[in-house]
Colleague: 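Can you read through this structure? Questions will come right after.
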Amino acid sequence: MSLSKRLKMVADMVRCGSRIADIGTDHGYLPAHLTRSGKCPCGIAADLRKGPLENARETLQIYRVEDKVQLRLSDGLDSVLPDECDDIVFAGMGGTLIAELLERTGWVKDKSKRIIVQPMTHSEDVRRFFVNNGFKIIREDACRDDRIYIAICAEYSGETEEKNELYHYIGCHPIEGNEASLNYAKKQIFRLRKRAEALEAANIQSEEKDTLFKILKQVEEAQLWQE
Ligand SMILES: C[S@@+](CC[C@H](N)C(=O)[O-])C[C@H]1O[C@@H](n2cnc3c(N)ncnc32)[C@H](O)[C@@H]1O
């Protein structure tokens, strides 16, 4: 079975042999692909709602992996046990929601597990969660399909690294080797610049404005690219 470029990017970050938990699975394509291809021996396809789980059931049946993937009605990781999975995926959700779901699940702070997220918006919230909670972002990637999508892969290290505010917005994207990553970073900075300019034009003094200007200075200092 073939995956979209977006889900393939996510699947590539999953470790061979790991038991996957796909949170917010909807159609269940990711666990179906990973078990069908043999990359993962088994998995959990979890969703908050019954309708998506019915979609997933159909996909698992079509690809004959219903004995390898368990369907689970679950709000985030609430109904998943720590010893049931190794790699945990949150794809196609907003970054703010993903960060909240991770925040309330203490057991994700486990060095043996890998967290792979594919936020559709507010990726800075997930990076901030990782940075502030002892996770190391080990890889990021981007791809262009109908738009640019990103994925972030992190593992718990228990050590807190100092990162500047700019890092929360562009992370460790391979901006020199991947055009989609470069475009993602440019888009993020364009967004920040627009917001800073709007606050400046409205003559609003705020902590947010100060932070935005600090980030834009970090962009200049980092000399990320020449326009
Ligand atoms: C846009 S779909 C993404 C499907 C798939 N992961 C993908 O990337 O193609 C988002 C799914 O997340 C589910 N979802 C939303 N909030 C959730 C939560 N708190 N816990 C589990 N699933 C959730 C929705 O029901 C929906 O099926």
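Every value quoted in this text rests on a predicted model; they were computed, and no experiment measured them. Order of appearance sets the numbers: ligands from 1, and atoms from 1 within every ligand. Just so it is clear, the values below take in all heavy atoms, side chains as well, and ignore hydrogens, waters and symmetry mates.
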Colleague: What is the minimum heavy-atom distance between Ile137 and Cys172, and which atoms define it?
Modeller: CG2-SG, 3.7 Å
Colleague: Considering distance alone, does some N or O of Leu101 sit under 3.5 Å from an N or O of ligand 1?
Modeller: no
Colleague: One residue to check: Ala91. Relative to ligand 1, which of side chain, backbone, both or neither has a non-hydrogen atom less than 4.0 Å away?
Modeller: both
Colleague: Taking only heavy atoms of Leu97, which atoms of ligand 1 are found under 4.0 Å from at least one of them?
Modeller: 16 (N)
Colleague: Return the closest protein heavy atom for atom 25 (O) of ligand 1 as residue, atom name and distance.
Modeller: Asp47 OD1, 2.6 Å
Colleague: Under 3.5 Å between any N/O of Gly24 and any N/O of ligand 1: does that happen in this structure?
Modeller: yes
Colleague: I need the nearest protein heavy-atom contact for atom 1 (C) of ligand 1: residue, atom name and distance, please.
Modeller: Gly92 O, 3.4 Å
Colleague: Classify the contact between Val89 and ligand 1 as side chain, backbone, both or neither, using a heavy-atom distance cut-off of under 4.0 Å.
Modeller: neither
Colleague: Relative to the heavy atoms of Thr25, which atoms of ligand 1 are at a distance of less than 4.0 Å?
Modeller: 4 (C), 5 (C)
Colleague: Quick one: does ligand 1 sit under 4.0 Å from the side chain of His27, the backbone, both or neither, non-hydrogen atoms only?
Modeller: side chain
Colleague: Which ligand 1 atoms, with their elements, are less than 4.0 angstrom from a heavy-atom of Pro52?
Modeller: 25 (O), 27 (O)
Colleague: Flag Arg6 as yes when one of its N or O atoms lies below 3.5 Å from any N or O atom of ligand 1, and as no otherwise.
Modeller: yes
Colleague: Output the distance between atom CD (Gln70) and atom CZ (Arg19), rounded to the nearest 0.5 Å.
Modeller: 11.0 Å
Colleague: If I apply the N/O under 3.5 Å rule, does Gln118 come out as touching ligand 1?
Modeller: no
Colleague: Can you tell me if Thr25 uses its side chain to pair, donor with acceptor, with the backbone of Ala45 under 3.5 Å?
Modeller: no
Colleague: Gly76 versus ligand 1: do any nitrogen or oxygen atoms come within less than 3.5 Å of each other?
Modeller: yes
Colleague: With side chains defined as the heavy atoms from C-beta onward, is the minimum distance between Glu208 and Arg195 less than 4.5 Å?
Modeller: yes
Colleague: Tell me whether the guanidinium CZ or amine NZ of Arg6 lies under 6.0 angstrom from the six-membered ring centre of Tyr149 and within 45° of its axis.
Modeller: yes
Colleague: Quick check: does Leu48 get an N/O under 3.5 Å from an N/O on ligand 1?
Modeller: yes
Colleague: Among Gln218, Lys214, Arg128, which residue meets the side-chain hydrogen bond (donor to acceptor under 3.5 Å, both in side chains) test with Glu165?
Modeller: Arg128
Colleague: Show your working on salt bridge (charged side-chain N to carboxylate O under 4.0 Å, His left out) between Arg104 and Asp78 and close with a plain yes or no.
Modeller: CA-CA 9 Å; Arg104 70 172 198 228; Asp78 290 0; 3.0 Å; yes
Colleague: So Glu155 and Lys136, do their side chains get closer than 4.5 Å, heavy atoms only?
Modeller: no
Colleague: Which bit of Ser74 gets closer than 4.0 Å to ligand 1, counting heavy atoms only: side chain, backbone, both or neither?
Modeller: backbone
Colleague: Among protein heavy atoms, which lies nearest atom 19 (N) of ligand 1, and at what distance?
Modeller: Asp75 OD1, 2.8 Å
Colleague: If you look at every heavy atom in Met1 and Tyr63, which pair is closest and at what distance?
Modeller: CB-CE2, 3.2 Å
Colleague: Please test Ile138 against Arg114 for side chain to side chain contact (heavy atoms under 4.5 Å, CB included), starting from the C-alpha separation and ending with a verdict.
Modeller: CA-CA 10 Å; Ile138 54 175; Arg114 174 174 281 192; 3.4 Å; yes
